[in-house]
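As structure tokens, the structure follows; a few thoughts come after it.
A note on names: the letters A, B, ... follow the listed sequences, proteins ahead of strands, and every chain is numbered from 1.
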Protein chains: 2
Amino acid sequence: MITMEHPRIRDYFNQNLEAAQDVTPKQRAILQASLDLFAEKGFQQTSTSDIARRAGVAEGTVYRRYRTKEALRVAVLAPILTHVAPSLASDFSNDELRQRYSSLRAFLTAIYDDRVAFVLANQREIKVILEMVAFDQDRRDTVIRRVAPVVVQQMAGVLKQLRQDGLLVAWPDDLVIQTILSMIGGELVRTALNLAGANRQRERAQILEVLVKTLTP
Amino acid sequence: MITMEHPRIRDYFNQNLEAAQDVTPKQRAILQASLDLFAEKGFQQTSTSDIARRAGVAEGTVYRRYRTKEALRVAVLAPILTHVAPSLASDFSNDELRQRYSSLRAFLTAIYDDRVAFVLANQREIKVILEMVAFDQDRRDTVIRRVAPVVVQQMAGVLKQLRQDGLLVAWPDDLVIQTILSMIGGELVRTALNLAGANRQRERAQILEVLVKTLTP
DNA sequence: TTAATGAGTGAGTGGTCACTCATTTTAAAA
DNA sequence: TTTTAAAATGAGTGACCACTCACTCATTAA
């Protein structure tokens, strides 16, 4: 289901913060306010006094822990990129799950719903990451080198099995993954641009139809 | 060919400026310098004194025609969005061109090469537009409502003919276009992320193979 | 009870920036 | 040549912003 509940980065982020006992309540408020404001207005458009006001804190308090505004951004995004995001990546190599993907359609449906729900549930956080990464090739490389292998590895197992069962074309894994993610990404962009029609279910069925046709041997 | 020459937005932009006789040379220099600097450093990071210096003009001159920096940004991007970009959209409804797309593969190859070349040749200008649109839903809607119909209309003619000739699946135009653009977009993202392998030609062939398989009846 | 610690404070600082305006330059009209 | 209107100038201005620092105060150790 597209509308199913999905783990929100924000929740993991907060749990992560509460688990860290060296972070005071005010510092936690600062990190949460930063994440919110960066997502709402963008990093540049957010002033440190904005953050202090939203966190209910003096501006100096912001600078007690974080030497610069940029360091604050890193402090907000680093845990998301290192702990939170990977732990949210669906574990397709999980044996139990692998059983369920007895057909190509079932597998594609699962991935589609999972990824769409994940992105929709975490739009704001993803936006902040994209903003940081957009004009910085080095950071782009860092992020992608952390995420890409996980994605490929997660999917490799299922793809192999589907191929053995004669349910999947004999294309290289890279190409299959790129095809799936391109179609899902295209749909998400369409949604972000408000081009999606009223009937989400119908569009979902169409996209899945395209993918099934494309990836059937 | 991916490496073929492609019209650059910048060139059309300059031609557009020279055609407008009510724009003084200094005002033209200001618009050109703005586009360059916005693309190089981003809008926020570009100061009006930067623009004046680059244009070889006093800062007051910048404000003679444009009352705010934001108005200057609009003045730079408006012609690109209204005149330049549409005139650069490949005219697939052109009769001569339609003759050439006698096969689905020929059509897809043409679109792929055209769009990839266009984006690569105009990365900087596209970046400026994306930057403006990223945190502003209204502007996003404005831009998309100007661009989307053109794209759909341009392609509708060829798609109809291909379908009549039995060369294209009987899916709705929207879905076909979304599929094509998703795969091309995916490849561009892959390139932007430095994930593309050394062999561009091979990847191009693979993507086209996927699209041909997907869109053949 | 006193001393030490460190999180928190907020007025302050230097610097930058978007924007203004009194003045000068330019060039076309008279 | 003189007049005139528009274009251009650039020093100036107030607002804002990232960041600092001298100080407060609650908590904990001695």
Short side-chain donor-acceptor distance under 3.5 Å, B/Gln178 and A/Glu203: no
Please determine if A/Glu59 and A/Arg64 form a salt bridge, counting it only when a charged side-chain N lies under 4.0 Å from a carboxylate O. no
Just compare C/dA7, C/dT9, D/dA8 and give me whichever is closest to any side-chain atom of A/Thr24. C/dA7
In whole angstroms, the gap separating C1' of D/dC19 from CG of A/Leu72 amounts to 13 Å
From the list D/dA18, C/dG8, D/dT9, which nucleotide is the closest neighbour of the side chain of A/Glu59? D/dA18
For D/dA18 and A/Thr48 - does any side-chain N or O of the residue sit under 4.0 Å from the phosphate oxygens OP1/OP2? yes
Distance in angstrom units between B/Tyr66 OH and C/dT20 P, rounded: 16 Å
Heavy atoms only, 4.0 Å cut-off, all strands: where does A/Ser47 land among base, sugar-phosphate and nothing? sugar-phosphate
Give the rounded distance in Å between these two atoms: CD of B/Gln45 and C1' of D/dC17. 14 Å
Minimum-distance nucleotide (side-chain atoms of A/Val57 versus D/dT9, D/dA18, C/dT9): C/dT9
Between P of C/dA18 and CD1 of B/Ile51, the distance in whole Å: 8 Å
So, is A/Gln27 near the phosphate of C/dG8, with a side-chain N or O under 4.0 Å from OP1 or OP2? yes
Between B/Phe38 and B/Lys127, is there a cation-pi geometry (under 6.0 Å to ring centre, at most 45° from the normal)? no
Can you measure B/Arg65 atom CZ to C/dC19 atom P for me and round it to whole angstrom units? 18 Å
Quickly work out the A/Lys26 NZ to D/dT27 P distance and round it to whole Å. 12 Å
Looking only at the side chain of B/Tyr63 (C-beta and beyond, no hydrogens), which of the listed nucleotides C/dT9, C/dC19, D/dA7 gets closest? C/dC19
Spacing between A/Arg64 atom CZ and D/dT20 atom P, to the nearest angstrom: 13 Å
To the nearest angstrom, how far is A/Phe43 atom CZ from D/dA18 atom P? 8 Å
Candidate nucleotides C/dA7, C/dA18, C/dG10, ranked by approach to the side chain of A/Ala58 - the nearest: C/dG10
Does the cation-pi check pass for B/Lys69 over B/Tyr63, that is, NZ or CZ under 6.0 Å from the six-membered ring centre and within 45° of its axis? no
Would you mind telling me which of C/dA18, D/dA8, C/dT9 lies closest to the side-chain atoms of B/Lys69? C/dA18
For the residue pair A/Arg10 and A/Phe13, would you count it as a cation-pi contact if the rule is NZ or CZ under 6.0 angstrom from the ring centre and within 45 degrees of the ring axis? no
